[in-house]
Amino acid sequence: MAEDGIISYGNRLAMLAEEHPDRNAVIFVAQDGQETQLTRLELERYTNQLARLLKHHGLQTNQMLVIGLPNSVEHLALAFAGWKVGALVLPLRAAMPQWERDRVLEVGEPALVAADWDNVPYPSINREALASHFQYEDGPLPDCIPQPGRAIASGGSTGRPKIIVDPRPWGMRMGENYFGFGSGYRPGQVQLIAGPLYHNSPFGWMHSGVFDDHQIVMMERFDAGRAVDLIEKYRINFMFLSPTMMGRIARLEDVTQRDFSSIEAVYHTSAP
């Protein structure tokens, strides 16, 4: 822990794995409904192996790691692995057209790109290569707090690619969260991630939630009916939803018969 009380995201993951190793950290729900679960200890070991794999492929402290994958366990784990290396993590849309993608990459000049993209003009690693993580040690790495640690891409009002970098040390103090949102958000909740992780809010809330001992239920892609099924099944307490998502849920034929009683808060942006 730093002198000012800031705990790195990587160290917090190790703390949680030690406190309750068998508790689920993430439940990933694929489009076909198949679910994959990782415990706190499994996620800690996985991220340590990925961090060593990323270092083997040249990623170093203060360099940029681009994650160009769809919502997945790999996406979550890669971000933590990048932070354990001390890198700046930038998520990008997996289906981004090449002409747009290359313009963003030109601005960021990443040291490593994790994506299933062809013809990337920077060092890259695909999902097949990521699957070799088991060859690396899964023990802890030296603790570090990246600064900066997080960035988001934007076209802004001009349409020209921009990368918005958060300059703060990439860690938190206990009792805080990334967005500074208080009412209804608390440690130990079950959080639904329904939006794509290349967007600011889903990406930020997910990792803040992991830090705060949330059980993350992550959808590969939003579907209104499945989202409500997951709210009921896992007794979701907190989630980010865009107004479009809320509208689709509200239009479900059986919405008035569904059980939303577990929800303590919904965070939304973008529109009334």
Side-chain angles (χ1 to χ4, degrees), residues 7-57 59 65 67 69-87 89 91 114-116 125-144 146 149 170-172 174 187-194 197 202-220 230 233-239:
I7 302 171
S8 71
Y9 278 74
N11 190 34
R12 179 59 176 154
L13 199 59
M15 292 166 61
L16 292 168
E18 184 175 355
E19 289 173 11
H20 31 70
D22 297 328
R23 183 180 297 177
N24 277 334
V26 57
I27 299 168
F28 173 69
V29 185
Q31 282 185 263
D32 63 5
Q34 184 175 348
E35 297 186 5
T36 303
Q37 301 185 9
L38 255 68
T39 66
R40 297 282 193 268
L41 183 58
E42 288 170 337
L43 183 60
E44 162 67 4
R45 289 174 172 172
Y46 182 27
T47 56
N48 289 339
Q49 291 174 319
L50 281 178
R52 290 184 169 93
L53 183 151
L54 297 177
K55 291 178 73 171
H56 177 77
H57 283 266
L59 185 68
L65 168 67
I67 303 175
L69 298 177
N71 284 21
S72 56
V73 172
E74 294 100 323
H75 199 302
L76 185 156
L78 275 168
F80 274 93
W83 293 326
K84 288 185 175 187
V85 174
V89 175
D116 289 327
I125 182 171
N126 59 24
R127 282 176 119 171
E128 183 178 355
L130 289 172
S132 67
H133 65 86
F134 64 88
Q135 300 176 17
Y136 296 85
E137 285 186 51
D138 62 7
L141 290 88
D143 188 27
C144 65
W170 193 240
M172 290 197 296
M174 297 301 295
Q189 290 177 312
V190 183
Q191 181 183 164
L192 178 67
I193 297 296
L197 293 177
F203 186 80
W205 277 120
M206 180 175 70
H207 296 101
S208 185
V210 172
F211 190 100
D212 279 326
D213 197 19
H214 282 197
Q215 178 177 276
I216 302 297
V217 181
M218 183 202 312
M219 302 179 70
E220 181 177 9
L230 294 171
K233 179 178 180 179
Y234 290 107
R235 305 296 295 162
I236 300 297
N237 308 129
F238 180 84
M239 56 190 169

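Note that these values count all heavy atoms, side chains included, but never hydrogens, waters or copies made by symmetry.
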Novice: Should the heavy atoms of other residues, nucleotides or ligands under 6.0 Å from CD of Glu35 be counted, would the total exceed 12?
Specialist: yes
Novice: Are side-chain heavy atoms of Phe80 and Val210 found at a separation under 4.5 Å?
Specialist: yes
Novice: Could you check whether the rings of Trp170 and Trp83 sit parallel, tilted or perpendicular, using 30° and 60° as the cut-offs?
Specialist: tilted
Novice: Closer than 3.5 angstrom, by distance alone: can the side chain of Asn237 be matched with the main-chain N or O of Val190 as a donor-acceptor pair?
Specialist: yes
Novice: For Ser208 and Gly204, indicate whether the former's side chain and the latter's backbone hold a donor-acceptor pair under 3.5 Å.
Specialist: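 Looks like no, no N/O pair under 3.5 Å.
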Novice: Please step through side-chain contact (heavy atoms from CB on, under 4.5 Å) for the pair Leu38 and Ile27, ending with a clear verdict.
Specialist: CA-CA 7 Å; Leu38 255 68; Ile27 299 168; over 6 Å; no
Novice: What orientation do His75 and Phe203 show, parallel under 30°, tilted 30 to 60°, or perpendicular over 60°?
Specialist: perpendicular
Novice: Considering all heavy atoms of both residues, which atom of Ala87 and which atom of Pro146 are nearest to each other, and what is their separation?
Specialist: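 Taking every non-hydrogen atom into account, O-CB, 3.6 Å.
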Novice: With a 4.5 Å cut-off on side-chain heavy atoms, are Val26 and Met218 touching?
Specialist: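 In contact.
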Novice: To the nearest 0.5 angstrom, please state how far the CZ atom of Arg235 sits from the CG atom of Leu230.
Specialist: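 Between atom CZ of Arg235 and atom CG of Leu230 there are 13.0 Å.
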Novice: Apply side-chain contact (heavy atoms from CB on, under 4.5 Å) to Ile193 and Met219, showing your working.
Specialist: CA-CA 6 Å; Ile193 297 296; Met219 302 179 70; over 6 Å; no
Novice: What pairs with Asp212 under salt bridge (Lys or Arg N to Asp or Glu O under 4.0 Å), at least two apart in sequence or on another chain?
Specialist: none
Novice: Closer than 3.5 angstrom, by distance alone: can the side chain of Arg40 be matched with the main-chain N or O of Leu16 as a donor-acceptor pair?
Specialist: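 Checking the backbone N and O of Leu16 against the side chain of Arg40, no donor-acceptor pair under 3.5 Å is found.
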Novice: Do Val85 and Arg52 have side chains that get closer than 4.5 Å, going by heavy atoms?
Specialist: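 Val85 does not reach Arg52 side chain to side chain.
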Novice: Please determine whether side-chain contact (heavy atoms from CB on, under 4.5 Å) holds for the pair Leu13 and Lys84, giving the CA-CA distance in whole Å, both sets of side-chain angles, and the decisive distance to 0.1 Å.
Specialist: CA-CA 10 Å; Leu13 199 59; Lys84 288 185 175 187; 4.2 Å; yes
Novice: Applying side-chain hydrogen bond (donor to acceptor under 3.5 Å, both in side chains) to Ser8 and Asp143, what does each step give before you reach the verdict?
Specialist: CA-CA 7 Å; Ser8 71; Asp143 188 27; 2.5 Å; yes
Novice: Could you give the distance from CD1 (Ile236) to NZ (Lys233), rounded to the nearest 0.5 Å?
Specialist: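 Ile236 CD1 to Lys233 NZ: 11.0 Å, rounded to 0.5 Å.
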Novice: Say you draw a straight line from CE of Met172 to CZ of Phe211; how long is it, rounded to the nearest 0.5 Å?
Specialist: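 Answer for the CE-CZ pair, Met172 versus Phe211, is 4.5 Å.
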Novice: Look up atom CG in Leu197 and atom CG in Asn71, then write down how far apart they are to the nearest 0.5 Å.
Specialist: 4.0 Å
Novice: Would you name the heavy atoms of Ala77 and Leu50 that are closest together and state the gap between them?
Specialist: CB-CD1, 3.6 Å
Novice: Test: ring-ring contact (aromatic ring centres under 6.0 Å, His included). Region: residues 26-47. Which pairs qualify, not counting sequence neighbours?
Specialist: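 Residue pairs with at least one partner in residues 26-47: Tyr46-His133.
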Novice: Taking all non-hydrogen atoms of both residues into account, name the closest pair between Gly188 and His214 and its distance.
Specialist: N-CD2, 3.7 Å
Novice: Please assess Arg127 against Ser72 for the test side-chain contact (heavy atoms from CB on, under 4.5 Å), listing each intermediate value before the final yes or no.
Specialist: CA-CA 11 Å; Arg127 282 176 119 171; Ser72 56; 3.3 Å; yes
Novice: If you take all heavy atoms of Leu43 and Ala25, which pair is closest and at what distance?
Specialist: CD2-CB, 3.8 Å
Novice: Under 4.5 Å between any side-chain heavy atoms of Leu78 and Leu130, yes or no?
Specialist: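 In contact.
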Novice: Any side-chain heavy atom of Leu53 within less than 4.5 Å of one from Ile125?
Specialist: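 Counting from C-beta outward, Leu53 and Ile125 do come under 4.5 Å.
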Novice: For Glu44, is there an ion pair with Arg12 - N to carboxylate O distance below 4.0 angstrom?
Specialist: no
Novice: Under 4.5 Å between any side-chain heavy atoms of Val29 and Glu220, yes or no?
Specialist: no
Novice: Out of curiosity, Tyr234 OH to Leu192 CG, how far, rounded to the nearest 0.5 Å?
Specialist: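 Separation between the atoms: 11.5 Å.
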Novice: How about Gln215 and Gln191: do any of their side-chain heavy atoms sit closer than 4.5 Å?
Specialist: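 No; the side chains remain at least 4.5 Å from each other.
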Novice: Under 6.0 Å from the CD atom of Glu19, do we count more than 12 heavy atoms belonging to anything else shown?
Specialist: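 Counting neighbours around CD of Glu19, more than 12 heavy atoms of other residues, nucleotides or ligands fall under 6.0 Å, so yes.
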Novice: Identify the two heavy atoms, one from Gly82 and one from Leu59, that lie closest to each other, and give their separation to 0.1 Å.
Specialist: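 Nearest pair, atom of Gly82 first, then Leu59: CA-CD2, 4.5 Å.
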Novice: Between the side chains of Gln37 and Asn24, does any donor sit under 3.5 Å from an acceptor?
Specialist: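 Looking only at side-chain atoms, Asn24 and Gln37 do form a donor-acceptor pair, the distance falling under 3.5 Å.
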Novice: Does atom CD of Gln34 have more than 12 heavy-atom neighbours from other groups under 6.0 Å away?
Specialist: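 No.
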Novice: Could you tell me whether Glu137 and Arg45 have a side-chain N and a carboxylate O separated by less than 4.0 Å?
Specialist: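 Salt bridge flag = no for Arg45 with Glu137.
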Novice: Taking all atoms of both residues into account, what is the closest heavy-atom pair of Asp213 and Arg23, and its distance?
Specialist: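 Nearest heavy atoms, Asp213 then Arg23: OD2-NH1, 3.1 Å.
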Novice: For the residue pair Asp138 and Glu42, establish whether any side-chain heavy-atom pair is separated by less than 4.5 Å.
Specialist: no
